[in-house]
There are 2 protein chains.
Amino acid sequence: MQPICIIFRIMTKSAKIAQWTDDETAAWTSLVRANQHLLQSVETALKEKDLPPLTWYDVLWELEKARPRGLRLNDLGSRTLLDKYNVTRLVTRLEKEGLARRMNCPGDARGIIALITPKGSRLRKRMWPVYSRTVREEFFSRLSQGEIASLRKLLGRVLNAPNPAPGRKSAKSV
Amino acid sequence: MQPICIIFRIMTKSAKIAQWTDDETAAWTSLVRANQHLLQSVETALKEKDLPPLTWYDVLWELEKARPRGLRLNDLGSRTLLDKYNVTRLVTRLEKEGLARRMNCPGDARGIIALITPKGSRLRKRMWPVYSRTVREEFFSRLSQGEIASLRKLLGRVLNAPNPAPGRKSAKSV
DNA sequence: GCATATTGGTTGCATTTGCAACGAGGGGGG
DNA sequence: CCCCCCTCGTTGCAAATGCAACCAATATGC
């Protein structure tokens, strides 16, 4: 009724979305910073022991789990959230180090299957304690089990929401 | 008493740290993935509107807040969690686009102060709605206010914990 | 069956990042 | 004042990343 109300209405049209509460701001920055800090710690710890970066671990781990049949590069990419050109080059590098190898895909002539080698397995096993211990020290040990569970729930909610892709929303890729 | 117990004891010596519960694993991967997904969404949204990447926003925003006295490159780096060589180059790029400028630091001849220009301010203002809306849609809107608050609390705990000495796991760092 | 789109993977090029070394300036102890 | 060491910012070089074009193989439409 009063002018102020009208102004408020008009403002909210465009500004309401743009305004964040204190909690929202802090939650967002904490998320970004916590993640960055943790990843940084892991990378540093790995480097200290002359071990390759975390991305290598992720790939090796996926290949390890996919043993012995291996994994299409495409699937490897979607599991590790790596773009395909990045997968190509990462696998090439792993291959060069003897940690993985490529194989033609039986059913599909354009597909390539990546396999982990014994050397790759051994490297992954050496990386794991460093990775694992850092995350425990910097992350898990600072929260109770219950808190970890609720963190899982909350963050999972952010991820599992149906995400309308720009342009074409796939029905559901579950 | 039983052998199994002894084996367990021995195992835990080295393996306990390395073993993650289901909740721990899921919490960690959710954290990494949620963060990655959100940042990716923001970057995509910005690119769609032909706007510069998120790092530019962060820097511009810090400079905006530091107006009109500006900010030492060093401080700018610590606020944005950027390495110093990265700050140097980012500011150079901004300068080249007329979004910021450098100034000698009065009290300290080796210091450089970065200032935002009006053009920089305008750009930041144009970026904000895109940034803000994406985060709201993909993050805030999927949680209740209470959940956001507890997320803030939990993640804040991860960040604010004092640097613990390695080898000593605090029983409870609450 | 053939033209056309789509998928899977690779590669060249430009941009960005990480690392390590450097130069200039400042602060403290002799 | 001089020397040593530290901080601040920059830069050269190597590696990683993003983008877009590309080829080969498969799926789709007529």
Side-chain angles (χ1 to χ4, degrees), chain A residues 36 39-48 50-59 62-63 70-97 100-115 165-168 170 173, chain B residues 36 39-48 50-59 62-63 70-97 100-115:
Chain A
Q36 185 169 348
L39 290 180
Q40 187 67 38
S41 299
V42 174
E43 294 289 6
T44 304
L46 287 170
K47 202 164 302 170
E48 251 170 33
D50 281 305
L51 290 167
L54 194 47
T55 342
W56 288 38
Y57 181 87
D58 286 336
V59 169
E62 289 302 331
L63 294 183
L71 208 56
R72 297 272 299 251
L73 293 196
N74 212 11
D75 300 333
L76 184 54
S78 59
R79 277 172 172 66
T80 55
L81 302 183
L82 260 50
D83 303 86
K84 55 183 184 175
Y85 46 85
N86 234 334
V87 174
T88 295
R89 296 197 264 230
L90 194 36
V91 170
T92 303
R93 191 151 297 170
L94 292 177
E95 215 172 9
K96 208 165 287 175
E97 300 286 333
R101 60 195 182 82
R102 270 177 238 249
M103 201 182 76
N104 286 335
C105 182
D108 190 339
R110 56 205 162 142
I112 300 280
I113 289 182
L115 297 162
R168 206 68 190 126
S170 63
S173 55
Chain B
Q36 187 169 345
L39 291 180
Q40 188 66 39
S41 300
V42 173
E43 295 288 7
T44 305
L46 287 171
K47 204 165 300 171
E48 252 170 33
D50 280 307
L51 291 167
L54 194 47
T55 343
W56 288 38
Y57 182 87
D58 286 336
V59 169
E62 288 301 331
L63 294 183
L71 207 55
R72 296 273 301 250
L73 294 196
N74 212 13
D75 299 333
L76 183 54
S78 58
R79 278 173 171 68
T80 54
L81 302 183
L82 258 52
D83 304 87
K84 54 183 185 174
Y85 46 85
N86 235 333
V87 174
T88 294
R89 296 196 264 229
L90 192 37
V91 170
T92 304
R93 266 172 246 150
L94 293 177
E95 215 172 6
K96 209 165 287 176
E97 301 286 333
R101 60 195 182 82
R102 270 177 238 249
M103 203 183 73
N104 286 333
C105 183
D108 190 339
R110 41 193 183 158
I112 300 280
I113 289 182
L115 297 162

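Quick note on labels: first sequence line is chain A, next is B, and so on, each numbered from 1. The figures here come from the full heavy-atom set of this structure, side chains too, leaving out hydrogens, waters and symmetry mates.
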Atom pair distance, as rounded to whole Å: [atom1] in [X] and [atom2] in [N]:
X: A/Leu82; N: D/dG18; atom1: CG; atom2: C1'; value: 12 Å
X: B/Leu90; N: D/dT11; atom1: CG; atom2: P; value: 15 Å
X: B/Asn104; N: D/dT10; atom1: CG; atom2: P; value: 10 Å
X: B/Tyr85; N: C/dC22; atom1: OH; atom2: P; value: 18 Å
X: B/Asp83; N: D/dT10; atom1: CG; atom2: P; value: 14 Å
X: B/Arg110; N: C/dG27; atom1: CZ; atom2: P; value: 6 Å
X: B/Gln40; N: D/dG18; atom1: CD; atom2: P; value: 7 Å
X: B/Glu43; N: D/dC19; atom1: CD; atom2: P; value: 9 Å

Confirm from the modelled atom types if A/Arg89 and C/dG12 form a donor-acceptor pair under 3.5 Å, side chain to base only.
-> yes
From [options], nucleotide with atom closest to [X] side chain:
X: B/Arg102; options: D/dG9, C/dG25, D/dT26; answer: D/dG9
X: A/Ile112; options: D/dA25, C/dG9, D/dG9; answer: C/dG9
X: B/Asn74; options: D/dA25, D/dG9, D/dG12; answer: D/dG9
X: A/Leu73; options: D/dT10, C/dT10, D/dA25; answer: C/dT10

Does A/Pro53 offer a backbone N or O that forms a donor-acceptor pair with the side chain of A/Glu43 under 3.5 Å?
->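 Looks like no, no N/O pair under 3.5 Å.
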Calculate, to the nearest 0.5 Å, the distance between atoms [atom1] and [atom2] belonging to [X] and [Y] respectively.
X: B/Arg101; Y: B/Ile112; atom1: CZ; atom2: CD1; value: 12.5 Å
X: A/Arg89; Y: A/Leu82; atom1: CZ; atom2: CG; value: 11.0 Å
X: B/Arg102; Y: B/Thr88; atom1: CZ; atom2: OG1; value: 6.5 Å
X: B/Leu54; Y: B/Thr80; atom1: CG; atom2: OG1; value: 11.0 Å

OP1 or OP2 of D/dG18 less than 4.0 angstrom from a side-chain nitrogen or oxygen of B/Lys47, does that happen here?
-> no
Should B/Asn86 be listed as having a side-chain N or O under 4.0 Å from OP1 or OP2 of C/dT16?
->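 No, because none of the side-chain N or O atoms of B/Asn86 sits under 4.0 Å from OP1 or OP2 of C/dT16.
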If you pin B/Gly111 and A/Lys84 to their nearest nucleotides in DNA chain D, which one's is more 5'?
->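 Nearer the 5' end of the strand: B/Gly111.
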First encountered from the 5' end of DNA chain C, between A/Asp75 and B/Ala109 |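 The residue whose closest nucleotide sits nearer the 5' end is A/Asp75.
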Using a cut-off of 4.0 Å on non-hydrogen atoms, how would the nucleic acid contact of A/Arg72 be classed: base, sugar-phosphate, or nothing?
->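 Since only primed, P, OP1 and OP2 atoms lie under 4.0 Å of A/Arg72, the category is sugar-phosphate.
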